[in-house]
Protein chains: 2
Amino acid sequence: MISSPPKPAKPKFATRRRLIDATARLFAEHGYNGLTMRSVAHEADANLAAANYHFGSKDALVLEMLSERIQPINKRRIALLEEAKQRNGKLAPSAHEIFHSLIFPIGEEIARSSKSRWSLAQLVARTFTEPVCFIERMHQKFFSQIAKIYYQELSLAFPNAPTNEIHWHLHLAVSSMLGALAQHRRLRDFTEGVCSEEEVGEMINRLIRFVTNGFIMGINSSSAE
Amino acid sequence: MISSPPKPAKPKFATRRRLIDATARLFAEHGYNGLTMRSVAHEADANLAAANYHFGSKDALVLEMLSERIQPINKRRIALLEEAKQRNGKLAPSAHEIFHSLIFPIGEEIARSSKSRWSLAQLVARTFTEPVCFIERMHQKFFSQIAKIYYQELSLAFPNAPTNEIHWHLHLAVSSMLGALAQHRRLRDFTEGVCSEEEVGEMINRLIRFVTNGFIMGINSSSAE
DNA sequence: CGTTCATTGAAACGCTTGTTTGAAAAAATA
DNA sequence: TATTTTTTCAAACAAGCGTTTCAATGAACG
């Protein structure tokens with residue numbers, strides 16, 4: 001034997017990390033109920049008991065994964081929003097700048113995660129559509145604060161618009177964003193091959209413009225009455 | 001004993017019907033994987049074996065339910081579209097009329113199903129986000145034809161717009177519609193009670209205007225270049 | 001080297017899942 | 001009423017689930 005030959009598939013990353021990454025992929029593809037501890041263990045090249053050893057339970061594993069994926073996006077959102085505010089001096093950011101700060105960070109993360117590119121888009125969208133109740137709780141924890149911030153920012157940008165109209169249109173804009181993220185993988189089929197889903201930036205930019213237009217036109221026609 | 005007293009909870013409808021309705025409610029609330037044959041049987045006041053007897057399998061039961069719920073909506077869509085075309089004579093229907101015919105029938109069905117009002121909205125949206133592959137197949141069967149028709153209609157309404165732009169914006173509009181349907185039950189929480197989800201018509205009308213505005217503005221700015 | 005601690009591994013634990021069975025009941029048909 | 005067909009029912013089936021157990025293994029340290 002020559003000096004302990006390297007094991008054929010020696011894991012480069014810690015088991016914990018591989019488990020989280022495997023969980024992210026499988027959750028995005030199959031949802032919470034479709035994700036099994038056995039499939040996670042297999043995908044991560046780990047033992048079945050490893051996930052319970054490192055995280056305690058399936059719920060805790062998924063929560064840890066979601067927290068790790070979502071928190072950076074939210075931080076980036078706030079950063080971009082602050083950037084826009086400082087760039088404009090005392091002027092409130094425009095609707096386009098506001099929705100850019102909301103949606104663009106998702107595109108950045110999608111582009112960063114080179115492996116199975118659109119997995120993250122599905123993952124983000126799935127956190128909103130999963131029927132499992134503990135995910136709803138986590139979801140509220142992560143997003144209710146963000147929602148409040150964006151409502152306030154839009155109120156400053158449209159000082160003449162009625163309160164409930166801003167709420168309604170922000171709700172529609174966020175829903176559209178999530179729907180588009182969830183449906184994006186169907187773009188090619190839906191358009192019979194005319195449009196392809198390869199370019200992350202193009203899709204994100206189109207989405208930003210779409211919800212910005214829907215928001216502005218809706219708000220303007222409501223405050224014109 | 002006095003002339004056979006009526007059984008306390010004597011089923012008024014056939015078991016088959018009760019099973020389908022129970023399936024619809026539970027599928028909307030818990031998704032495909034969260035729906036169990038036992039929960040269906042319990043909700044429908046039927047025996048566990050009844051569903052397999054009447055439908056053969058869980059998959060067949062869910063497919064039957066989806067077909068029954070979705071087909072009427074699609075027929076109504078085509079009817080409304082034809083109505084708009086005849087009303088306009090030789091002129092192509094406007095974007096608003098087109099998206100009205102696409103979205104309004106959902107509102108009609110939601111209003112019709114008085115019990116658990118928003119269940120149908122969730123159900124429609126869930127057929128698009130469920131990760132189970134056989135649902136995707138059914139989905140394609142039901143919607144690819146409709147998608148083609150709407151693409152053609154929008155091409156007539158915007159003859160100067162590039163092909164791929166119409167595809168892109170129709171995709172965004174449909175995605176927004178689905179996202180809004182899926183997220184609607186969160187409206188109250190999301191807006192901290194400012195907006196409530198009681199009025200079906202208001203939500204549907206807002207949604208139609210939102211996607212119409214997003215579509216028109218996006219198409220116009222793309223063909224202006 | 002010997003000891004301690006963290007991690008892995010294979011097997012098993014209850015439990016729930018979709019589905020099947022065969023007899024009982026009900027309904028339909030003659 | 002007698003016979004056939006359809007429908008219900010309780011019980012069981014194998015398979016898959018999350019989780020636990022405990023011995024084997026690895027790494028870290030004195």
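The sequence lines fix the lettering, A, B, ..., with proteins before strands; numbering per chain opens at 1.
Checked against dA10(D), dT20(D), dT19(C), the side chain of Ala49(B) finds its nearest nucleotide in dA10(D). The side chain of Asn52(B) has dT20(C) as its nearest neighbour among dT19(D), dT20(C), dG9(C).
In this view, Ala41(A) satisfies the side chain to side chain contact (heavy atoms under 4.5 Å, CB included) rule with no residue, not counting sequence neighbours. Applying the side chain to side chain contact (heavy atoms under 4.5 Å, CB included) criterion to Glu64(B), with sequence neighbours excluded, gives Arg16(B), Ile20(B), Phe55(B). Shown here are the side chain to side chain donor-acceptor pair (under 3.5 Å) partners of Tyr32(A), two or more places apart in sequence or in another chain: Asp59(A). For Glu199(B), the side chain to side chain contact (heavy atoms under 4.5 Å, CB included) test picks out Glu202(B), with sequence neighbours left out. By the ring-ring contact (aromatic ring centres under 6.0 Å, His included) test, His100(A) is found to be paired with Phe104(A), residues two or more places apart in sequence or in another chain being considered. By the side chain to side chain contact (heavy atoms under 4.5 Å, CB included) test, Leu48(B) pairs with Met37(B), Arg38(B), sequence neighbours left out.
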Between protein and nucleic acid, restricted to nucleotides 5-7 of chain C and to nitrogen or oxygen atoms under 3.5 Å apart, what atom pairs and distances do you find?
| from | atom 1 | to | atom 2 | distance (Å) |
| --- | --- | --- | --- | --- |
| dT7(C) | OP2 | Tyr53(A) | OH | 2.8 |
| dT7(C) | O5' | Tyr53(A) | OH | 3.4 |

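A salt bridge between Arg17(B) and Asp21(B) is present, with a side-chain N of the basic residue lying under 4.0 Å from a carboxylate O of the acidic one.
Taking a 4.0 Å limit (strictly below) on heavy-atom distances, residues 33-41 of chain A reaches DNA chain D at Leu35(A), Thr36(A), Met37(A), Arg38(A).
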Cut-off 3.5 Å, no hydrogens considered: what does the side-chain donor-acceptor table look like for residues 139-149 of chain B, sequence neighbours left out?
| from | atom 1 | to | atom 2 | distance (Å) |
| --- | --- | --- | --- | --- |
| Ser144(B) | OG | Gln140(B) | O | 2.9 |

